[in-house]
Amino acid sequence: MVSFKNDYSEGALPVIMEALLKTNLEQTVGYGEDEYTTKGIETIKKAINFKDCYVRLLVGGTQTNLLTISHILRPYEAVIAADTGHISVHEAGAIEATGHKVIELATNGDGKINLDMIKKAYDIHKNDFHMVKPKMVYISNPTELGTLYTKEELINISNYCKEVGMYLYLDGARMASALASEKNDIELTDYPKYCDAFYIGGTKCGLLFGEALVITNKELAGGFFCSTKQKGATLAKGRLLGIQFAELFQGDRYYQVGKHSNEMAAMLKKGVLEAGYKLKADSYTNQQFFILPNRIIDEIGKKYRYEFWEKIDEETSAIRLVTSWATKEEDVKDFIEDLKNMK
């Protein structure tokens, strides 16, 4: 069965596996104190062109969000996020479990929150000491619907956060796809300029596992290792993360991961639209959302894995198809041909 269910079904880029195997029998110190982790962090700092920051390599996205938000915020402080955001929907209440309310904002169907929404949420809470205090804005790029923030939107949100004393934290789980999108105008080097913290996704971008958290507001970095230890996030074999990120950021490899996955997604999008079906969201990244008859979805499931997204009406539903660095062109073509034959 061919999977379009997510972008981490496969293991990792062959060059990553080769590097891990090559160093497999070396003996190094643990917990990220090894030379490979140091190299991986320096490679990231060079790629973002921002040396004066704190970088911590972590295992997964939920772990990174949980650690970052719980470390930065006081117990009475809250984070503003889209109601479709990962911390709102896909983390089993991890943020709330650490005592921090997620102030969810209803989006306009594109998965994005804008400046007016943020201002309104902040104004509602700011003067009432009986309510939580908004102290952070969380956005992801791309969003959970595959859409993108523009550089202007990022700058405007960043400036407002600074104006009212909030932090801006960006989830980059699929950042490779965002960077390679034809609609993108944000460079990797822009993120440290406008975010207090952000992470560069690896798990969904060619690694076995791994996310690189970058804290550019160094006032927030103090004691972060203690927070990772307290919450069980210190990987004893830390070099496994360092090796992977050092390889991922050689040349334009990270960009190429996103480029291939986007190209495969664009091929899917074109084929499904030509077959006469509609989009749930207009994505130019590696997640694509289609509205299909339920009977067609049942047929698709016999040969392809997909993510059920939501019920549209009694006859139709939306599904998500996701491509990755390893998606084969022939599998995309087969899917399109099969879909056309199901009509």
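Not measured: the values here are computed from a predicted model.
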In terms of side-chain heavy atoms, does [X] have a donor or acceptor partner in [Y] at a distance below 3.5 Å?
X      : Y      : answer
Asn49  : Thr189 : no
Lys162 : Ser158 : yes
Thr323 : Asn286 : no
Asn262 : Tyr284 : no
Asn65  : Tyr169 : yes

Within the supplied structure, the quantity of interest is the number of heavy atoms (other residues, nucleotides, ligands) at a distance under 6.0 Å from [X] [atom1]; does it exceed 12?
X      : atom1 : result
Glu330 : CD    : yes
Met131 : CE    : yes
Tyr36  : OH    : yes
Lys231 : NZ    : yes
Lys280 : NZ    : no
Lys259 : NZ    : no

Whether Trp309 and His90 hold their rings parallel, tilted or perpendicular, with breakpoints at 30° and 60°: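 Rings of Trp309 and His90: tilted, as their planes differ by 30° to 60°.
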
Any donor-acceptor pair under 3.5 Å linking the side chain of [X] with the backbone of [Y]?
X      : Y      : result
Lys135 : Ile72  : no
Asp196 : Asn217 : no
Thr43  : Gln250 : no
Asn184 : Ala180 : no
Glu299 : Arg295 : no
His100 : Arg74  : yes
His71  : Leu220 : yes
Glu77  : Met136 : no
Ser317 : Asp313 : no
Thr23  : Leu20  : yes

Answer yes if [X] and [Y] sit in the same cluster of Ile, Leu, Val, Met, Phe, Trp and Tyr residues linked by side chain heavy atoms under 4.5 Å apart, and no otherwise.
X      : Y      : result
Leu188 : Leu248 : yes
Phe308 : Phe4   : yes
Ile186 : Met175 : yes
Tyr122 : Tyr167 : no
Leu73  : Phe198 : no

Set of residues satisfying side-chain contact (heavy atoms from CB on, under 4.5 Å) with respect to Gln63, sequence neighbours excluded: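 Scan of Gln63 (side-chain contact (heavy atoms from CB on, under 4.5 Å), adjacent residues dropped) gives Leu58, Val59, Leu67, Ala233.
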
Results of side-chain contact (heavy atoms from CB on, under 4.5 Å) for Lys5 - residues two or more places apart only: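 Lys5 satisfies side-chain contact (heavy atoms from CB on, under 4.5 Å) with Ser3, Arg305, Glu307 only.
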
Tell me whether [X] is salt-bridged to [Y], with the criterion being a basic N under 4.0 Å from an acidic carboxylate O.
X      : Y      : result
Lys193 : Asp190 : yes
Lys51  : Glu42  : yes
Lys39  : Glu35  : no
Arg239 : Glu26  : no
Lys120 : Asp123 : no
Lys270 : Glu274 : yes

pair [X]-[Y]: side-chain heavy atoms closer than 4.5 Å:
X      : Y      : value
Tyr54  : Lys218 : no
Leu279 : Lys269 : yes
Lys328 : Asp334 : no
Ile103 : Pro134 : yes
Ser283 : Gln288 : yes

Interatomic distance, [X] atom [atom1] to [Y] atom [atom2] [nearest 0.5 angstrom]:
X      : Y      : atom1 : atom2 : value
Asn294 : Lys311 : CG    : NZ    : 8.0 Å
Lys204 : Gln287 : NZ    : CD    : 7.0 Å
Lys237 : Thr37  : NZ    : OG1   : 13.5 Å
His86  : Thr62  : NE2   : OG1   : 4.5 Å
Phe209 : Leu241 : CZ    : CG    : 5.5 Å
Thr84  : Leu105 : OG1   : CG    : 10.0 Å

Ala173 versus Tyr199, closest heavy-atom pair with distance: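 Nearest pair, atom of Ala173 first, then Tyr199: CB-OH, 3.4 Å.
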
Row check, Phe335 ring normal vs Lys303 NZ/CZ: under 6.0 Å, within 45°: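 Not satisfied by the 6.0 Å and 45° rule.
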
Worked verdict on His125 versus Lys133 for side-chain contact (heavy atoms from CB on, under 4.5 Å): CA-CA 6 Å; His125 291 79; Lys133 180 180 179 181; over 6 Å; no

Qualifying residue, where the test is side chain to side chain contact (heavy atoms under 4.5 Å, CB included) with Tyr191 and the options are Leu170, Val214, Ile48, Ile200: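 Answer after filtering Leu170, Val214, Ile48, Ile200: Leu170.
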
Residue that, paired with Ser181, satisfies side chain to side chain contact (heavy atoms under 4.5 Å, CB included) out of Leu148, Asn141, Thr147: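 The single option meeting the side chain to side chain contact (heavy atoms under 4.5 Å, CB included) with Ser181 is Leu148.
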
Derivation and outcome, side-chain contact (heavy atoms from CB on, under 4.5 Å), residues Gln256 and Trp325: CA-CA 8 Å; Gln256 291 300 326; Trp325 63 271; over 6 Å; no

Worked verdict on Leu268 versus Thr327 for side-chain contact (heavy atoms from CB on, under 4.5 Å): CA-CA 11 Å; Leu268 268 176; Thr327 300; over 6 Å; no

From CA spacing to verdict: salt bridge (charged side-chain N to carboxylate O under 4.0 Å, His left out), Glu337, Lys333: CA-CA 6 Å; Glu337 187 63 27; Lys333 290 180 177 178; over 6 Å; no

Evaluation steps, side-chain contact (heavy atoms from CB on, under 4.5 Å), between Val102 and Tyr138: CA-CA 9 Å; Val102 179; Tyr138 164 96; over 6 Å; no

